[in-house]
Amino acid sequence: MRIERVVAHRCALPLVRPFRTSFGREYARDVVLLEVTTADGVTGWGECVASTQPLYSHEFNDAALLVLERFLVPRLLGRDLQIEEVPGLLAPVRGHPMARGALELGVLDAGLRAEGRSLASYLGGVRDEVDCGVSVGIPDDDSLATLLDEVSGYVEAGYRRVKLKIQPGWDVEPTRAVRERWPDVPLQVDANQAYTRADIEHLAALDEFDLLLVEQPIHEDDLLGHRLLAERMATPVCLDESVLSAESAESAIDYGACEIVNIKAGRVGGYLEARRVHDVARGRGVPVWCGGMVETGVGRAANLALASLPSFTLPGDTSGSDRFYARDVTEPFVLRDGRIDVPTGPGLGVTPIPEVLAELTVARHELT
Ligand code: SMG
Ligand code: MG
């Protein structure tokens, strides 16, 4: 296939409620969608999962657009390529995995659409529906009542697992409150690096709540800290931000810093690298699950395809579109009995609805 044109649509999507984590609070999602067109006139879509500000990681959308336009898109433009060549062609550009992942996804979608093949089938999916979890932010008013009210809505909606965002001052108490109210709900917590090695004893207090895992409690560079925590805690330690490639997943697992892996394609540079992370974990008997970055239907479709691979044995942050959006850019993904169907159509199986995309778009950038 030959890539002829790449257009970035920068969209603003209001969230149904603010999403607050240990690193910030979002009221709306700033999303870059890439429209990739081939010389044969086939169009594919990719989503960049960075945000306006570099708070989850170093990436942010202004920088992603710049690196795409100046360094990434030119590496693919006008040449005959196979999907499998894309990571290698983009690899010389260091860092910026979310920008690389967005472009790779657009090319993947276009290539698979041309072949009439679904992303799940291409990646090696083995499930036609996936178990879904939901990520619950820190309430705006810091109140347990607000938290319980929100969780109650998700439990009633049928989610198969609940993840609570935690930070110092918002950890043991909210986890206890949720566990007491729902003794059987599969539960886990995510700190987004908010703790240090000095907090290991404090974090070990979470053991009493029978959690599936504790996600990225300590700084992403501190593998020793995570290993010490894993040795101290009965609850499995899961890494998110620390895992940037299949190689880093392998190091973290073999070092003893990571007993479960959260896989996000954007964090590792795309869905092909995400599959490599899955394969490394699988080879070591380490369970994985699909993380989320508050994606629109474009990225959500791809995550569902990824989550259909065999070692995704834990429910992912693959919630229904209505968890975040009253109106998504694609047809919404809807939870049914706590699960969502893996798209079966060619490529992503969904596309942005032109009128909705036009309404949500705040800027359009020709990247070619
Ligand atoms: O998409 O459901 C979702 C969000 C899941 O909690 C979630 N993601 O660290 O895992 C994580 C956070 C990062 C969100 S940054 C926008
Ligand atoms: Mg996380």
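Both counts, for ligands and for their atoms, begin at 1 and track the order of listing.
- Polar contact with ligand 1: present for S135 (N/O pair, distance under 3.5 Å).
- Distances from atom 12 (C) of ligand 1 to the heavy atoms of K163, E241, K165, E26 show the closest one on K165.
- Contacts with ligand 1 closer than 4.0 Å are made by side-chain heavy atoms of D190 only, the backbone lying farther away.
- For ligand 1 and F19, the ligand atoms under 4.0 Å from any heavy atom of the residue are 6 (O).
- The nearest N/O/S atom of E215 to the Mg ion (ligand 2) is OE2.
- Proximity to V294 (heavy-atom distance under 4.0 Å) selects the following atoms of ligand 1: 1 (O), 3 (C), 4 (C), 16 (C).
- Donor-acceptor pairing under 3.5 Å is recorded for the side chains of T368 and E366.
- A cation-pi arrangement is absent between R25 and F19, since the terminal nitrogen or guanidinium carbon is not both under 6.0 Å from the aromatic centre and inside a 45° cone about the axis.
- For the residue pair Y56 / D240, a side-chain donor-acceptor distance below 3.5 Å is found, with atom types taken as modelled.
- Between the choices K264, R267, R323, R29, the shortest heavy-atom distance to atom 10 (O) of ligand 1 belongs to K264.
- Those atoms of ligand 1 with a heavy atom of N192 less than 4.0 angstrom away are 9 (O), 11 (C).
- One finds no salt bridge joining R100 and E104 here, because no Lys/Arg side-chain nitrogen approaches an Asp/Glu carboxylate oxygen to under 4.0 Å.
- At the shortest separation from atom 8 (N) of ligand 1 among protein heavy atoms lies G292 O, 3.0 Å.
- For R161 and W289, the positive end sits near the middle of the six-membered ring, less than 6.0 Å away and at most 45° from its axis.
- For the Mg ion (ligand 2), the N/O/S atoms of D240 include one lying under 2.8 Å.
- Within D190, OD2 is the N, O or S atom that lies nearest to the Mg ion (ligand 2).
- Ranking protein heavy atoms by distance to atom 2 (O) of ligand 1, first place goes to F324 CE1, 3.3 Å.
- For the residue pair I3 and L76, the shortest heavy atom distance occurs at CB-O, 4.1 Å.
- Just one of L203, L229, D222 meets the side chain to side chain contact (heavy atoms under 4.5 Å, CB included) condition when paired with Y195; it is L203.
- Residue V134 does not touch ligand 1, judged by heavy-atom distances below 4.0 Å.
- In summary, the atoms of ligand 1 found under 4.0 Å from a heavy atom of E215, numbered by their order in the structure, are 10 (O).
- Near D240, meaning under 4.0 Å from one of its heavy atoms, ligand 1 places the atoms 9 (O), 10 (O), 11 (C).
- In this structure, R275 satisfies the cation-pi test against Y122, with its NZ or CZ atom closer than 6.0 Å to the six-membered ring centre and inside 45 degrees of the ring normal.
- The closest side-chain donor-acceptor pair between R323 and Y154 falls under 3.5 angstrom.
- Contacts of T21 with ligand 1, taken as heavy-atom pairs under 4.0 Å, are absent altogether.
- Under the 4.5 Å side-chain criterion, counting only non-hydrogen atoms from C-beta, V134 is not in contact with D317.
- Every atom of ligand 1 with a heavy atom of F23 under 4.0 Å away is listed here by number and element: 15 (S).
- With no hydrogens or angles considered, a side-chain donor-acceptor pair links E35 and H9 at under 3.5 Å.
- Close approach of ligand 1 to Y56 is summarised as follows: ligand atoms under 4.0 Å from at least one heavy atom of the residue are 9 (O), 13 (C).
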